[in-house]
Amino acid sequence: MDLLRDPDIDPAPLTGKRVTVLGYGNQGRAQALNLKDSGIDVVVALRGGSGSRVEAEASGLQTALIEQAVSSADVVIMLAPDEIHAALYRAIEPHLRAGAALGFSHGLSVRFDLVSPRPDLDVFLVAPKGPGTALRSLYEEGKGMIALWAVHQNATGNARGIALAYGRAIGCGRAGLIASTFAEEAEADLFNEQAVVWGAVPELLIAGFETLVEGGVAPEVAYLECVGELHLIAELIEARGIAGMREAISNTAELGALLGGKRIIDDAVRQRMKQVLAEVRAGRFADELSAEESSGYARLRRARAEARRTLLERTRERLAGRG
Ligand SMILES: NC(=O)c1ccc[n+]([C@@H]2O[C@H](COP(=O)([O-])OP(=O)(O)OC[C@H]3O[C@@H](n4cnc5c(N)ncnc54)[C@H](OP(=O)(O)O)[C@@H]3O)[C@@H](O)[C@H]2O)c1
């Protein structure tokens with residue numbers, strides 16, 4: 001594995017360079033503030049009437065309208081939602097300086113051809129492996145968040161140096177920058193979102209809760225067992241790994257896990273995981289995401305409303321003293 005940390009990385013490729021952060025949301029806010037605190041000349045690019053302008057300026061950041069901020073930039077980092085990258089790139093392309101660098105924090109839009117950058121641009125990826133809130137708080141604590149980095153286009157010969165200096169400036173070099181590719185980062189991230197942490201784990205918790213309730217267990221007890229213990233295992237795995245977590249729990253829990261885990265996650269599940277990976281690689285999810293944006297996020301809004309009404313959520317509210 002090719003993992004670099006601060007002492008291995010030359011900060012000079014960003015010295016005297018202007019970085020434009022396009023978007024001031026989850027990642028944009030964190031990356032812009034970390035860049036500023038690392039001494040980088042940074043400007044936040046926002047659309048006219050953006051509600052984020054006041055907050056960014058109150059944090060000491062310079063802001064500008066998108067066209068103006070892009071035309072004065074040596075490096076532009078795309079930190080708006082992935083599904084609008086295609087339209088946003090079309091809008092900014094005429095304003096990008098010749099030989100400028102264009103950065104991303106997720107490989108999706110380049111991997112799935114939503115964005116085809118002009119050939120004169122350096123195109124790089126620095127993808128922190130966690131949310132912007134944690135990227136910022138770790139930086140403020142003097143720590144960093146591990147990230148993947150990659151180069152898609154090296155038009156000027158400086159793309160590698162700029163990518164690494166950028167990763168260092170947002171604090172990721174303190175934890176480690178791992179060499180990857182746009183395709184590997186995008187495919188692994190989209191796979192995990194569907195098949196592991198963000199897609200499958202919540203559905204496993206819901207299925208477990210509903211199975212206990214249908215079996216006559218009180219919803220509060222089912223909730224505490226199936227949902228309430230999640231943070232305990234997450235913390236143990238973070239601190240000790242999966243093997244260490246198993247050693248730390250009771251023999252009862254360890255034997256239960258040994259006998260039960262592989263009955264639930266069996267070959268049929270692994271086959272479906274392979275199917276998800278194949279579909280991701282074929283671009284099926286990228287198409288779904290674009291369609292969702294075109295529909296005004298109809299499916300996402302419906303699913304959010306339905307999830308709020310479930311017995312599981314009402315049980316959570318009661319346990320929190322709000323129901
Ligand atoms: N969220 C994460 O934890 C995370 C982690 C790693 C990587 N990433 C990647 O980081 C990138 C940004 O994700 P995010 O979650 O930070 O996005 P986000 O919070 O949804 O981004 C919101 C920002 O994008 C701006 N924006 C939205 N639509 C726009 C448009 N049509 N024109 C111009 N600006 C627009 C918003 O402008 P206004 O302020 O005007 O509303 C806002 O400043 C993505 O590529 C994502 O995959 C995210």
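Source: prediction; values computed, not measured.
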Does the side chain of V21 come within less than 4.5 Å of L35's, by heavy atoms? yes
Measure from the side-chain N and O atoms of D8 to the backbone N and O of R5, and report whether any donor-acceptor pair falls under 3.5 Å. yes
Please examine the side chains of E288 and E293, heavy atoms only from C-beta on, and report whether any two atoms are closer than 4.5 Å. no
Within 6.0 Å of CG in D2, more than 12 heavy atoms from elsewhere: yes
Less than 4.5 Å apart, any side-chain heavy atom of L125 and any of W149? no
Okay, side chain of E292, backbone of R299: is any donor-acceptor separation there less than 3.5 Å? yes
E254 and R246 ion-paired at < 4.0 Å: no
Give every donor-acceptor pair under 3.5 Å between a side-chain atom in residues 40-58 and any protein atom, sequence neighbours left out.
residue: D41; atom: OD1; partner: R18; partner atom: NH2; Å: 3.4
residue: D41; atom: OD2; partner: R18; partner atom: NE; Å: 3.3
residue: S50; atom: OG; partner: S52; partner atom: N; Å: 3.0
residue: R53; atom: NH1; partner: T63; partner atom: OG1; Å: 3.2
residue: R53; atom: NH2; partner: R47; partner atom: O; Å: 3.4
residue: E55; atom: OE2; partner: R29; partner atom: NE; Å: 3.2
residue: E57; atom: OE2; partner: T63; partner atom: OG1; Å: 2.5

Pairwise distance CG(L190) to CG(L289) - rounded to 0.5 angstrom: 8.5 Å
Which atom of D82 lies closest to which atom of L114, heavy atoms considered: O-CD1, 4.4 Å
In the structure I gave you, are the side-chain heavy atoms of R302 and Y297 within less than 4.5 Å of one another anywhere? no
Ion pair check, R240 and E247, cut-off under 4.0 Å: no
Rounded to the nearest 0.5 Å, how far apart are CZ of F182 and CZ of F112? 13.0 Å
Checking E193 side chain against W198 main chain: does a donor-acceptor pair fall under 3.5 Å? no
Could you see if M78 belongs to whatever hydrophobic cluster contains L135? Use Ile, Leu, Val, Met, Phe, Trp, Tyr and a side-chain cutoff under 4.5 Å. no
Would you say the side-chain atoms of E279 and Q275 include a donor-acceptor pair closer than 3.5 Å? yes
Cation-pi geometry met for R174 and Y139 (6.0 Å, 45°): yes
Is it true that atom CG of L277 has more than 12 heavy atoms of other residues, nucleotides or ligands lying nearer than 6.0 Å? yes
Should the heavy atoms of other residues, nucleotides or ligands under 6.0 Å from CD1 of I242 be counted, would the total exceed 12? no
For R136 and N34, which I'm curious about, is there any donor-acceptor pair between the side chains at under 3.5 Å? yes
Any chain of hydrophobic side-chain contacts (each under 4.5 Å) joining I237 to V196? no
Is the backbone N or O of V70 less than 3.5 Å from a side-chain atom of R97, with the two atoms forming a donor-acceptor pair by type? no
Roughly how far, to the nearest 0.5 Å, is CG of L3 from CD1 of I146? 5.5 Å
Under the 3.5 angstrom rule, does the side chain of T156 hit a backbone N or O of N158 as a donor-acceptor pair? yes
Please tell me if the side chains of Q68 and S72 come closer than 4.5 Å, counting only heavy atoms from C-beta onward. no
Give a yes or no answer on whether the side chain of N154 reaches the backbone of A159 with a donor-acceptor pair at less than 3.5 Å. yes
L22 side chain near Y89 side chain, heavy-atom distance below 4.5 Å: no
Would you sort out whether K129 and D189 count as a salt bridge (charged side-chain N to carboxylate O under 4.0 Å, His left out), showing the intermediate values? CA-CA 9 Å; K129 289 290 107 185; D189 201 64; 3.2 Å; yes
D266: side-chain contact (heavy atoms from CB on, under 4.5 Å) partners, not counting sequence neighbours: A268, V269
Check whether any side-chain heavy atom of F285 sits under 4.5 Å from a side-chain heavy atom of V276, and report yes or no. no
Report, as yes or no, whether the 6.0 Å neighbourhood of atom CZ on R308 holds more than 12 heavy atoms from other residues, nucleotides or ligands. no
May I ask you to list the residues sharing a hydrophobic cluster with L65, side-chain cutoff 4.5 Å, ordered by chain and number? none
E306 atom CD, over 12 foreign heavy atoms within 6.0 Å: yes
Nearest 0.5 angstrom please: D10 CG to L14 CG, how far? 10.0 Å
Tell me whether R118 is salt-bridged to E93, with the criterion being a basic N under 4.0 Å from an acidic carboxylate O. no
Tabulate below the donor-acceptor pairs under 3.5 Å that side-chain atoms of residues 203-229 make, not counting sequence neighbours, or state none.
residue: T211; atom: OG1; partner: A207; partner atom: O; Å: 2.7
residue: E220; atom: OE2; partner: R318; partner atom: NE; Å: 2.9
residue: E220; atom: OE2; partner: R318; partner atom: NH2; Å: 3.1

Partners passing side-chain hydrogen bond (donor to acceptor under 3.5 Å, both in side chains) against S290 (at least two apart in sequence or in another chain): none
With distance as the sole criterion, is a donor-acceptor pair present between the side chains of H85 and S109 under 3.5 Å? yes
Would you tabulate the side-chain donor-acceptor contacts of residues 99-107 under 3.5 Å, counting partners in other chains and residues two or more places apart, or write 'none'?
residue: S105; atom: OG; partner: Q31; partner atom: NE2; Å: 2.9
residue: S105; atom: OG; partner: V126; partner atom: O; Å: 2.9
residue: H106; atom: ND1; partner: E185; partner atom: OE1; Å: 2.9
residue: H106; atom: ND1; partner: E185; partner atom: OE2; Å: 3.4

State plainly whether one hydrophobic cluster holds both I9 and I77, where clusters connect Ile, Leu, Val, Met, Phe, Trp and Tyr through side-chain heavy atoms under 4.5 angstrom apart. yes
Please report the interatomic distance NZ(K274) to CG(D267), rounded to the nearest 0.5 Å. 8.0 Å
Flag the pair C172 / Y166 as yes when at least one side-chain heavy-atom distance between them is below 4.5 Å, and no otherwise. no
